[in-house]
Amino acid sequence: MRDLVAGERAAIAGVGVFALAGDGGDQPTLALIALGADRRVSPAFPPIDALTREMRPAAQFEDGARLRIALDDMPGAVERLLLIAFDRGNQPIRRIVTVGTEALRFAVDLRERPDAAVILIECYRHQGGWRIAANGQGFAMGLSAIAAAYGIDHSWVMRLIPRLQPPEADERAPRTGASSGSGVAIERHHILTNAHVVEDARTVMVQAGGRPLAADTVFADRRNDLALLRVETPMEGVAQFRSEVGLHLGEDVVALGFPLQGLLGTGPQASAGNIAALCGIGNDSSLFQFTAPIASGNSGGPILDMAGHLIGLVCSSLNLDRIRQSGASAENINFGIKGAMILSFLDSFGIEPQMAHGNAVIGRAAVVRQARDTIARVTCEC
């Protein structure tokens, strides 16, 4: 048997049975995605998975861990096949996963990686035949990110991953009326905000540079509380991400947003503080804690370092009423989503945000002045 390494290619033909194996514990679930010449899901071959085990021309699951593929019988519109492994809880797989046929084998080590889904191998047409490539690309956002990247209906993902399904009506009443939050432009036509800001929204509007703009929700990731909006009219400015991924305990930050609309002024509000902890509640490593004061409406606003570069997104505050009821006291315990998580989210959609060069401190007033054209007030009708 030949062992492949990531990126290695080999010729393949005929019928192959691909078997999945792991190094213990609950095994991830297999799925097969067929792509056309445009690298989007092929209408001639909708995705199949090991749970429902639907049959397709030239492919069928023999059991939960074995998939039979007859490459020569593939529809002509199918140019590429992706064999996916994913966790049904949308949690990191955290094990060595091996896939192979009688002749070829590929193992990917996910033990130290945050990936909830991984492209194991891909088969593609080449000079009248087929070739196989060991891939190993992981996605921290799980199957949702893969679906978004290749144009797959998100209902397929929700059916396979129960935690992404919307709650039943008796568990959570939908929001009604109007709500507002904040957002930041990460590309001329794309604005980043929190998923909870646009949840249940029938219409979304953004106010940027004094202009009201209609926005569409491209995707909302409720687990990581991130949402991507698209506007047709280009934004005047685009935020730059700090090129240094790590955060520093105690470093100064500025939070921008539109808190308490209808009570405070309609313009953006700025507050300053510092990074108080490098994780969130329960050691959640996707978040960091900061002390810059925020209020309702700040959600989705940018958190900037003293060079004016984006390092995170405002997402929540500690519930002070509950803290006080317990007899304790706390102020300005707020949480932001780390820039590294945001970059992973954007990568799932093929968006390459602007990265900063240099890290010269420019002062708080200059940070705010530089960022004004990149922020937007997000208003939702639910």
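Just so you know, these numbers use all the heavy atoms, side chains as well, and skip hydrogens, waters and symmetry mates.
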* **Pair Val99-Ile121, side chain to side chain contact (heavy atoms under 4.5 Å, CB included): steps then yes or no** => CA-CA 8 Å; Val99 64; Ile121 60 168; 4.0 Å; yes
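- In this structure, the side chain of Ser271 engages the main chain of Pro293 through a donor-acceptor pair within 3.5 Å.
- Between the OG atom of Ser317 and the CD atom of Gln289 there is a distance of 10.0 Å, given to the nearest 0.5 Å.
- Judged by distance alone, the side chain of Arg56 and the main-chain N or O of Pro46 form a donor-acceptor pair under 3.5 Å.
- Residues Val238 and Thr374 are not in side-chain contact: their nearest non-hydrogen atoms beyond the backbone lie 4.5 Å or more apart.
- When atom types are taken as modelled, the side chain of Arg377 and the backbone of Gly181 share no donor-acceptor pair closer than 3.5 angstrom.
- Within a 6.0 Å radius of CZ in Arg39, other residues, nucleotides and ligands contribute 12 heavy atoms or fewer.
- Residue Ile362 forms a side-chain contact (heavy atoms from CB on, under 4.5 Å) with just one option from Gln370, Arg369, Met306, and that option is Gln370.
- Clustering of Ile, Leu, Val, Met, Phe, Trp and Tyr by side-chain heavy atoms under 4.5 Å joins Val5 with none of the others.
- A salt bridge does not link Arg372 with Glu236: every distance from a Lys NZ or Arg NE/NH1/NH2 to an Asp or Glu carboxylate oxygen is 4.0 Å or more.
- For the residue pair Thr52 and Asp49, a side-chain donor N or O sits within less than 3.5 Å of a side-chain acceptor on the partner.
- The closest donor-acceptor contact from the side chain of Asp305 to the backbone of Gly308 lies under 3.5 Å.
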* To do: For the pair Arg223 and Asp221, evaluate salt bridge (charged side-chain N to carboxylate O under 4.0 Å, His left out) and give the outcome as yes or no after the intermediate values.
  => CA-CA 6 Å; Arg223 177 190 172 203; Asp221 176 4; over 6 Å; no
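- A 4.5 Å side-chain heavy-atom check between Asp3 and Phe106 finds every atom pair outside the cut-off.
- Going from atom CZ of Phe61 over to atom CD1 of Ile69 covers 8.0 Å, rounded to the nearest 0.5 Å.
- Put simply, CZ on Arg105 and CD on Glu102 are 13.0 Å apart, with the number rounded to the nearest 0.5 Å.
- At a threshold of 4.5 Å between side-chain heavy atoms, the hydrophobic network of Ile, Leu, Val, Met, Phe, Trp and Tyr places Phe139 and Ile84 in one connected group.
- Tyr124 belongs to no hydrophobic cluster with other residues, because no ILVMFWY side-chain heavy atom falls under 4.5 Å from its own, directly or through intermediates.
- In the hydrophobic clustering, where aliphatic and aromatic side chains (Ile, Leu, Val, Met, Phe, Trp, Tyr) are joined below 4.5 Å either directly or transitively, Ile303 groups with Leu247, Leu249, Val253, Ile275, Leu278, Phe288, Phe290, Ile294, Ile311, Val314.
- The NE2 atom of His126 sits 14.5 Å away from atom CD1 of Ile132, with the distance rounded to the nearest 0.5 Å.
- Paired with Phe86 under the rule side-chain contact (heavy atoms from CB on, under 4.5 Å), one option of Val118, Leu143, Ile146 passes, and it is Leu143.
- In this structure, the side chain of Asn194 engages the main chain of Gly300 through a donor-acceptor pair within 3.5 Å.
- Val97 has its side chain within reach of Leu120: a pair of non-hydrogen atoms, C-beta onward, lies under 4.5 Å apart.
- Counting only distance, with no hydrogens or angles, the side chain of Ser182 and the backbone of Gly297 share a donor-acceptor pair below 3.5 Å.
- Between Thr291 and Asn274, the side chains place a donor N or O and an acceptor N or O closer than 3.5 Å (distance only, hydrogens not considered).
- The side-chain heavy atoms of Leu110 and Pro92, taken from C-beta on, include no pair separated by under 4.5 Å.
- Within the 4.5 Å cutoff, the side chain of Cys380 has no heavy atoms near those of the Arg202 side chain.
- Of all heavy-atom pairs between Val41 and Gly151, the closest is CG1-O, 3.4 Å.
- Under the 3.5 Å distance criterion, the side-chain polar atoms of His189 are matched with a main-chain donor or acceptor of Val231.
- Side-chain contact annotation: Ser299 with His196, donor-acceptor N/O pair under 3.5 Å present.
- Nearest heavy-atom pair, Arg113 versus Gly138, reported as atom, atom and distance to 0.1 Å: NH2-N, 3.3 Å.
- Note on Ile152: it does not cluster hydrophobically with Val78, by side-chain heavy-atom contacts below 4.5 Å among ILVMFWY residues.
- Side-chain contact between Phe241 and Ile186 is present, with at least one heavy-atom pair separated by less than 4.5 Å.
- Under the 3.5 Å distance criterion, the side-chain polar atoms of Arg125 are left unmatched by any main-chain donor or acceptor of Trp130.
- Val361 and Leu256 fall within a single hydrophobic cluster, where Ile, Leu, Val, Met, Phe, Trp and Tyr are joined by side-chain heavy atoms under 4.5 Å apart, directly or via other members.
- When all heavy atoms of Glu112 and Arg94 are compared, the closest pair comes out as C-NH1, 3.7 Å.
- Put simply, NZ on Lys338 and OG on Ser285 are 5.5 Å apart, with the number rounded to the nearest 0.5 Å.
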* Evaluate salt bridge (charged side-chain N to carboxylate O under 4.0 Å, His left out) for Arg111 paired with Asp109, printing each intermediate quantity in order. => CA-CA 6 Å; Arg111 290 175 295 183; Asp109 189 347; 2.7 Å; yes
* Begin with the C-alpha distance, continue with both residues' side-chain angles, and end with the deciding distance and a verdict on side chain to side chain contact (heavy atoms under 4.5 Å, CB included) for Met74 and Leu81. => CA-CA 10 Å; Met74 277 290 156; Leu81 300 168; 3.7 Å; yes
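- Taking each heavy atom of Ala59 and Leu32 in turn, the nearest pair found is CB-CD2, 4.0 Å.
- A pairwise comparison of heavy atoms in Leu287 and Cys315 identifies CD2-SG, 3.9 Å as the closest pair.
- A donor-acceptor pair under 3.5 Å links the side-chain atoms of Asp225 to the main chain of Ala195, judged by distance alone.
- The minimum heavy-atom distance between Ala208 and Ala376, with the atom names listed, is CB-CB, 4.1 Å.
- Leu83 and Ile119 are not part of a single hydrophobic cluster, where members link through side-chain heavy atoms under 4.5 Å apart.
- Note that CG of Leu20 and OG1 of Thr98 are 8.0 Å apart. Values are rounded to the nearest 0.5 Å.
- Inter-residue side-chain proximity for Arg222 and Glu199 is flagged as met; some heavy-atom pair is nearer than 4.5 Å.
- Formation of a donor-acceptor pair under 3.5 Å by the Arg9 side chain with backbone atoms of Gly7 is found in this model.
- Ion pairing between a basic and an acidic side chain is recognised when a charged N comes within 4.0 Å of a carboxylate O; Glu251 and Arg242 show such pairing.
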* Residue pair Arg40, Leu35: steps toward the side chain to side chain contact (heavy atoms under 4.5 Å, CB included) verdict -> CA-CA 5 Å; Arg40 307 292 282 178; Leu35 305 179; 5.8 Å; no
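- Cluster membership for Leu71 and Ile48, using ILVMFWY side-chain heavy atoms within less than 4.5 angstrom, is shared.
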* Report the C-alpha distance between Glu187 and Arg230 in whole Å, list the side-chain angles of each, state the deciding distance to 0.1 Å, and finish with yes or no for salt bridge (charged side-chain N to carboxylate O under 4.0 Å, His left out). => CA-CA 9 Å; Glu187 196 267 341; Arg230 177 175 172 80; 5.1 Å; no
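- Side-chain atoms of Phe219 and Leu229, non-hydrogen and from C-beta on, never get closer than 4.5 Å to each other.
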* Could you give me the CA-CA distance, side-chain angles and deciding distance for Arg2 and Glu8, then say whether side chain to side chain contact (heavy atoms under 4.5 Å, CB included) is met? => CA-CA 11 Å; Arg2 176 180 172 183; Glu8 188 174 2; 2.7 Å; yes
